[in-house]
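These notes are about the structure you will find just below.
Just so it is clear, the values below take in all heavy atoms, side chains as well, and ignore hydrogens, waters and symmetry mates. Values in this document were obtained by computation on a predicted structure and should not be read as measured data.
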Amino acid sequence: MTTAEIREGFLRYFERQGHLRIPSASLVPFEDDPSVLLTIAGMQPLKSYFLGQAQPPAPRMTSSQKCFRTLDIDQVGRTARHLTFFEMLGNFSIGDYFKDDAIRFGFELSTEVLGFDPEQIWITVFEGMDGVPADDEALEKWVEMGIPRDRIQRLGEADNFWKAGPTGPCGPNTELYLDRGPDFGPDGGPVTGTDRFLEYWNLVFMQYDRSADGALATLPAKNIDTGAGLERLAAILQDKQTVFETDGFRPLVAWAEQASGRGYGTDARVDRAMRVLADHGRAMTFLAADGVRPGNEGRDYILRRIIRRAVSEGAYLGLEPTRLTGLVDVVADGYGDAYPELVAQRSEVIDTVGAEAEQFARTLEQGTRLLEEVLDRSRSAGVISGDDAFRLHDTFGFPLDLTRDAAEEHGLQVDEDGFDRLMGDQRDRARAAGRKGAGVDRQAAEGVASGSPVTQFVGYDQLEVVTTITAMQPQDGGEALAKLATSPFYAEGGGQVSDHGWITGNAGSAEVLDVIRLGDDQVLRLRVDRKSTRLNSSHANISYAVFCL
Ligand code: SER
């Protein structure tokens, strides 16, 4: 079965069982669900129905939901199955059917629609915990469906109790596994934890609401929430070792092969780069089509990180950064039928990805130079310091995972605790600055701008210029606002953050923290080097070398 046939077969089966087919909700969760940055499961958009806060359009629903999980983002490309973006097939009952029917549907769809051999199906059920009994009811229903008791295993909270987050709807679950045979490992069922037994479907008996103190309250009704990863099903049904060889991913890998002139399946490092491009190609296209734009916070940062990682893995294959937009077309062509927003948003997505890739490409070269220095000096200690990792991130926009990748390739560790500490400090500083009010900054910037000529922006062609500072005004905390005659710095706006860089000259030096856009004009926010005593006066007509990073 092709990926599209599996998706359609699943949804049709549940329509025949009286379910309403609902379209996938956006990857950006509703505003009233602050518990997640991105939609992580098919049940997420239905949460208010489970909680009894809203009336569902039908008590039985089925969907193929766009999902995004960042927990294992660093594993993508290194394993057979880790993905960031994926499609989750699901059926839902809001106070309608419960365990019996959910299990019957699970068994019927597995054997009749997907064609799995019942002899190869293994089951896990919840073994119980304080306040929630062992799920003997589910176990007996599976026995009734014909699964022998020795192929049903009990597991604890970590495996067989599902929750959307620390609080909210949750409940015990039963999972369906497929035994891929002795070639994949020893016998013994899912409890062995090997790749021989592949989990392909999770049926959650959603009956509790967990509060912040961990207590479980009973939901207004007993509900069903199930989830089956479409990509994993495709790998099983198409008998592929990894999801990247299934028909859904093949065109993306083929694009990477064609663009780079390299073949998939001959070199492990090349394969990893192509898998990252395939996963991240889908991820960035779906995220941007749902309106996410690259940035420094939350889900915006996830998109930025995804695009930047794709740029650097593409660079490993010798691809120019802007070539990445080619992946958007492959994704829109391949998935546009099921997700029309990909086609509708195609040109905006291409612009978003292209602009971020280009911006990152400009910094990648300088960053790579610094990275090499860092690798050299870290060799004896065997670890890249938190300071260095932070500087790469902060000054050069190098996401931590790129530093981590490079470290690993050189047999080094990264002091991630140190890095996290510095990130935390920076966030605190940013929050404190935010509290002072962006409006005040802007007003001050307008004051600095008035009275000197409009800055000539040359950033599309030049990253370094020699120019003069035409106005400057000291601010609190060692900062200053300044204006240049000619500037290579891109000002924030249009979904992009502003450039960073340096100003240096005889009178001293300063770091460019921010570029404030004022119509066609701009003002720089600087951190003045403490030794640069003369930079705050007599600035006019002194030449400065200005570097945009
Ligand atoms: N919510 C459950 C999961 O994500 C079942 O859909 O696995």
Side-chain angles (χ1 to χ4, degrees), residues 27 66 68 70 73-74 76-78 83-86 244 248-264 269-296 299-336 339 341-343 345-368 396-399 401-402 405-406 460 490 494-497 499:
L27 280 168
K66 300 180 277 190
F68 205 103
T70 52
I73 204 165
D74 301 330
V76 172
R78 298 168 193 271
L83 294 172
T84 55
F85 170 83
F86 65 102
F244 301 100
F249 283 92
R250 193 56 216 150
L252 289 153
V253 173
W255 177 89
E257 286 182 306
Q258 207 253 330
S260 67
R262 309 284 297 261
Y264 181 79
R269 184 64 188 88
V270 169
D271 288 359
R272 188 171 113 201
M274 290 187 178
R275 289 171 182 182
V276 170
L277 286 180
D279 173 79
H280 287 19
R282 295 196 332 159
M284 66 196 191
T285 306
F286 275 93
L287 280 175
D290 276 346
V292 181
R293 292 291 174 264
N296 289 335
R299 67 180 74 94
D300 302 345
Y301 185 62
I302 294 172
L303 176 57
R304 164 156 291 165
R305 200 170 151 196
I306 291 281
I307 297 176
R308 292 186 168 195
R309 186 140 203 227
V311 169
S312 81
E313 290 295 304
Y316 181 81
L317 297 175
L319 302 185
E320 288 295 324
T322 47
R323 293 287 304 272
L324 283 195
T325 54
L327 282 167
V328 176
D329 280 322
V330 182
V331 176
D333 291 343
Y335 295 86
Y339 300 99
E341 65 274 22
L342 299 179
V343 179
Q345 300 293 320
R346 186 194 294 249
S347 64
E348 270 160 48
V349 174
I350 287 177
D351 286 351
T352 300
V353 170
E356 177 67 16
E358 204 169 331
Q359 193 190 1
F360 184 51
R362 289 202 261 144
T363 71
L364 193 61
E365 207 185 302
Q366 280 117 326
T368 306
F396 296 94
F398 245 67
D401 33 70
L402 298 193
D405 278 356
Y460 288 129
Y490 186 88
Q496 292 208 36
V497 294
D499 284 334

Tyr490 side, atom OH; Arg362 side, atom CZ - distance, nearest 0.5 Å: 9.0 Å
Would you be so kind as to tabulate the donor-acceptor pairs closer than 3.5 Å made by side chains of residues 316-331, with sequence neighbours excluded?
from	atom 1	to	atom 2	distance (Å)
Thr325	OG1	Thr322	O	3.0
Asp329	OD1	Arg346	NH1	2.6

Electrostatic pair Arg262:Asp271 at N-O distance under 4.0 angstrom: no
Closest non-hydrogen atom pair between Ala278 and Val253, with its separation: CB-CG2, 4.2 Å
Extract all donor-acceptor atom pairs below 3.5 Å that involve side chains of residues 280-290 and protein atoms in other chains or at least two apart in sequence.
from	atom 1	to	atom 2	distance (Å)
Arg282	NH1	Tyr335	OH	2.8
Arg282	NH2	Phe85	O	3.1
Arg282	NH2	Glu231	OE2	2.8
Thr285	OG1	Gly281	O	2.7
Asp290	OD1	Lys66	NZ	3.1
Asp290	OD2	Leu27	N	2.7
Asp290	OD2	Lys66	NZ	3.1

Interatomic spacing from CG in Asp279 to CG in Leu252 - rounded to 0.5 Å: 9.5 Å
Stepwise side-chain contact (heavy atoms from CB on, under 4.5 Å) check, Leu83 with Phe244: CA-CA 10 Å; Leu83 294 172; Phe244 301 100; 3.9 Å; yes
Single hit among Asp351, Ile350, Val349 for side-chain contact (heavy atoms from CB on, under 4.5 Å) with Val353: Val349
Atom CD of Glu358 with >12 non-hydrogen neighbours under 6.0 angstrom: no
Glu356 with Arg308: basic N within carboxylate O range, under 4.0 Å: yes
Approximate separation, where rounding is to 0.5 Å, of Ile73 CD1 and Phe68 CZ: 5.5 Å
Heavy atoms of other groups near Arg272 CZ, more than 12 under 6.0 Å: yes
Test applied, side chain to side chain donor-acceptor pair (under 3.5 Å); reference residue, Tyr264; option that passes from Arg275, Arg250, Glu257: Arg275
Beyond-backbone contact of Ile306 with Thr84, side-chain heavy atoms, under 4.5 angstrom: yes
Over all atoms of both residues, closest heavy-atom pair of Ala332 and Val343: O-CG2, 4.1 Å
Verdict with supporting geometry, Arg269 and Asp405, salt bridge (charged side-chain N to carboxylate O under 4.0 Å, His left out): CA-CA 11 Å; Arg269 184 64 188 88; Asp405 278 356; 5.2 Å; no
Whether Glu313 side chain and Val276 backbone form a donor-acceptor pair below 3.5 Å: no
Nearest-0.5 Å distance, CG of residue Asp401 to CZ of residue Arg309: 4.5 Å
Least distance between heavy atoms, Ile307 atom then Pro294 atom: CD1-CG, 4.1 Å
